[in-house]
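This report concerns only the one structure given below.
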Amino acid sequence: MEVSHFINTIIEEDIKSGKHKKAITRFPPEPNGFLHLGHARAIITNYMMAKNHGGYFNLRFDDTNPVKEDISFVEAIKEDIAWLGCHWENLFFASDYFDEMYERALLLIKKGKAFVDDLSADEIKEYRGDLTTPGKDSPYRNRLIEENLKLFIDMKNGVYPDGKKVLRVKIDMTSPNMNMRDPIIYRIQRAFHHNTGDKWCIYPMYDYAHPIEDAIEGITHSLCSLEFEDHRPLYDWVVENCEMENVPRQIEFGKLIMAGKVTGKRYIKQLVDNNVVIGWDDPRLITLSGLRRRGIPSEAITDFIVALGLPKSQGATEIDMLDQIVRDHLKSTAPRTNAVLDPLLLVIDNYPEDKVEYLEAENNRENEELGTRQIPFSKYIYIEREDFIEEKPNKKWKRLALGIEVRLMHAYFVKANSVEKDDKGNIIKVHCTYDVETKSGSGFNSRKPNGNIHFVDAERSKLAEIRLFDDLILDFENKDVPFFDKVNPNSLIVKSGLVEENMNPAEMDRFQFTRNGYYCVDKDSTDEHMVFNRIVSLRSSYKKKAN
RNA sequence: UGGGCUAUGGCCAAGUGGUUAAGGCACCGGACUUUGACUCCGGGAUCGAUAGUUCGACUCUAUCUAGCCCAGCCA
């Protein structure tokens, strides 16, 4: 796929100048949570940059902090990335490189570039200064190399308790860039690591580990988000001072933010823990697993990411943009089928009592390859309640009303004559007559119907659970209201609807419910109890005109 | 208040000194229509502000304003 943005330009120049023969990239998630739409930008960008420039892309789990990570996320992340179609050449773990990182740290000490600091966490914070005040050197900064070497080895060998000492690098305590004020590169942390077990009690910090990981793997372009811009000088410092053979280049791009959508891990976790959503893969979430479960095609996500480009500006993209791309993907691939979410019985008084006709209906007018199906039609059918009104309200009304004639798609014209109501005045039945002359496909065109509506045969249809989704959080930007008070109580609407009797879908099958929207079979669905998720509704100018 | 980054129509976003300032989403008209869908046609910005440089600036300079990021032994 063609892409054009500043990073692509940089890579092309590096190849043209001979600096690199190809691009090697990586996606380095920390296995501490689920991936969401925002991550898709990083994944797809890294993947495509490598693929488009003769190279390859690695998946590397950045597992340098065992207390925050969990192996269970590793499989979930792999599944999400595979789903996006971004094939990784190698699967690595930062922990694979712990030995080499340790050796490089020894090298820094020997070069007089790193020292063991005995200051407490609070003291280190105090010595660091703040945004406007320069920091000052630690009193331990000038220890002898031999002493630093011994101390660091002792740290590694478990001589000291957690937090007692750290290894820091000597740069500049007065730097305006906080990251350069003698950053800590190793801390003591007795925690079981999913990969290295209890082998280590010291773990490298991100700023030290990441550039080494990239260099070891021969990454040419290390793409990450904007908040790491301030870390780039340190990244370069580590690569240089650790004397890494390969010199990767870090380039930052803007994060993808979706307007009105929750992406913060702690917020999603709270929603999950409080059963506001049914899990990390709830279709209302924009986690990749949620989008997948909802039925969004992964190709639509790729197209969406590419369409957005790769800006450094900050803004929130509206979900409508993704929705429209999803519709574009589904319109020619999803078979049409009729479903009635809110049934109203329609009795065709002049149709024979026991007669059943099977009418041919194309599965997709835009894609004949999807073929046709036979749909049953009889005296008793269900239509959508909102497709009938007693009195036609205005000339715009293109549905059924008393005295008005519409076409039942693929069947006949029917004219409504009377209604039956219950005690409360609710319409429970509409009586109509049909015109046999108007059968679909007969070529009849001597008069036009007032509209076209769909239906489902009353007896020959199946019940199904249909889930509709709305915004999970209302008034998202309002900071005055606590997060949980903004949860939309109606973000999930469950309908008991009727679908065609021939409906017998497999998991993840997608359909267009005629005149309504695109739906996907949910993982909760069984043969006895079908469950559909609305992926996205059809566009509609109806409600807008009505108002 | 120090440093880094960003600022183009309601939203996203092209554009790197000379274009009527791309495109998508959304919105508003209209055509077509056995999905009020699809498709098609039409509609809107002088580019955060100000002052400069220049024959000419969204593109260069200066100042200002606004937003985001940084003071974890997180990543």
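Nothing here was measured: the structure is a model prediction, and the numbers come from that model. Note on naming: letters A, B, ... go to the chains in the order of the sequence lines (proteins, then strands), and numbering restarts at 1 for each one.
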Under a 3.5 Å cut-off for both distances, is [N] Watson-Crick or wobble paired, and to whom?
| N | value |
| --- | --- |
| B:U39 | B:A31 |
| B:U59 | none |
| B:U19 | none |
| B:C64 | B:G48 |

Using the [atom1] atom on both, measure [N] against [M] and round to a whole Å.
| N | M | atom1 | value |
| --- | --- | --- | --- |
| B:A57 | B:U19 | P | 10 Å |
| B:C28 | B:G10 | P | 16 Å |
| B:U63 | B:C5 | P | 15 Å |
| B:A21 | B:U46 | C1' | 8 Å |
| B:A37 | B:G43 | C1' | 22 Å |
| B:A14 | B:C73 | C1' | 45 Å |
| B:C58 | B:G9 | C1' | 14 Å |

- prompt: Does A:His210 or A:Ser4 map to a spot on RNA chain B nearer the 5' end, using the closest nucleotide for each?
  reply: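 Going by which nucleotide is closer to the 5' end, it is A:Ser4.
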
field: RNA chain B: 5'-proximal contact among A:Met409 and A:Leu308 (nearest heavy atom)
entry: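 It is A:Leu308, whose closest nucleotide lies nearer the 5' terminus.
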
Indicate, with a heavy-atom threshold strictly under 4.0 Å, whether [X] touches base, sugar-phosphate, or nothing.
| X | answer |
| --- | --- |
| A:Glu252 | nothing |
| A:Lys398 | base |
| A:Ser313 | sugar-phosphate |
| A:Ala316 | sugar-phosphate |

query: Shortest non-hydrogen contact from A:Glu391 to A:Ala401?
result: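 For A:Glu391 and A:Ala401, the tightest heavy-atom pair comes out as C-CB, 4.3 Å.
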
Please list, pair by pair, any protein nitrogen or oxygen found under 3.5 Å from a nitrogen or oxygen in nucleotides 38-42 of chain B.
{"unit_1": "B:C38", "atom_1": "OP1", "unit_2": "A:Arg539", "atom_2": "NE", "d": "2.6"}
{"unit_1": "B:C38", "atom_1": "OP1", "unit_2": "A:Arg539", "atom_2": "NH2", "d": "3.0"}
{"unit_1": "B:C38", "atom_1": "O3'", "unit_2": "A:Lys331", "atom_2": "NZ", "d": "3.4"}
{"unit_1": "B:U39", "atom_1": "OP1", "unit_2": "A:Lys331", "atom_2": "NZ", "d": "2.9"}

query: So, does the side chain of A:Arg336 form a donor-acceptor pair with the base of B:U35 at under 3.5 Å?
result: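 In this structure, the two groups form a donor-acceptor pair.
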
Presence of donor-acceptor pair under 3.5 Å, side chain of A:Arg232 and base of B:G4: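 Result: no qualifying N/O pair found.
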
Taking atom types as modelled, is there a side-chain donor on [X] or [Y] under 3.5 Å from an acceptor on the other?
| X | Y | answer |
| --- | --- | --- |
| A:Tyr382 | A:Asp457 | no |
| A:Glu213 | A:Tyr208 | no |
| A:Asp63 | A:Ser95 | yes |
| A:Asp198 | A:His193 | no |

query: Nearest to the side chain of A:Met321 - B:G24, B:A37, B:U6?
result: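 Nearest to the side-chain atoms of A:Met321, counting from C-beta on, is B:G24.
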
query: Do any N or O atoms from the side chain of A:Ser222 and from the backbone of A:Gln250 form a donor-acceptor pair under 3.5 angstrom?
result: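 No; judged by distance alone, with no hydrogens or angles, the pair does not exist.
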
query: Ignoring hydrogens and geometry, is there a side-chain-to-backbone donor-acceptor pair from A:Tyr97 to A:Tyr102 under 3.5 Å?
result: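 Answer holds: no.
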
- line: Its contact letters, B for base, S for sugar-phosphate only and - for none at protein heavy atoms under 4.0 Å, make nucleotides 67-74 of chain B read BBBBBSBB

query: Phosphate oxygens OP1/OP2 of B:G3: is one of them under 4.0 Å from a side-chain N or O of A:Thr132?
result: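 Answer no for this pair, as no side-chain N or O of A:Thr132 is under 4.0 Å from OP1 or OP2.
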
Phosphate contact (B:C25 OP1 or OP2) by A:Thr317 side-chain N/O below 4.0 Å: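 No, A:Thr317 has no side-chain N/O under 4.0 Å of OP1/OP2 on B:C25.
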
Going by the angle between their ring planes, with limits at 30° and 60°, are [X] and [Y] parallel, tilted or perpendicular?
| X | Y | answer |
| --- | --- | --- |
| A:Phe228 | A:His231 | perpendicular |
| A:Tyr235 | A:His210 | tilted |
| A:Phe532 | A:Phe513 | perpendicular |
| A:Phe61 | A:Phe93 | parallel |

query: Does the side chain of A:Asn363 come within less than 4.5 Å of A:Arg373's, by heavy atoms?
result: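 They are in side-chain contact.
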
query: Side-chain contact, heavy-atom cut-off 4.5 Å: A:Ile124 with A:Val166?
result: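 The answer is yes; the side chains approach within 4.5 Å.
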
- prompt: Where along residues 433-442 of chain A does a heavy atom come under 4.0 Å from RNA chain B, residue by residue in number order?
  reply: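 Heavy-atom contacts with RNA chain B come from A:Ser440, A:Gly441.
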
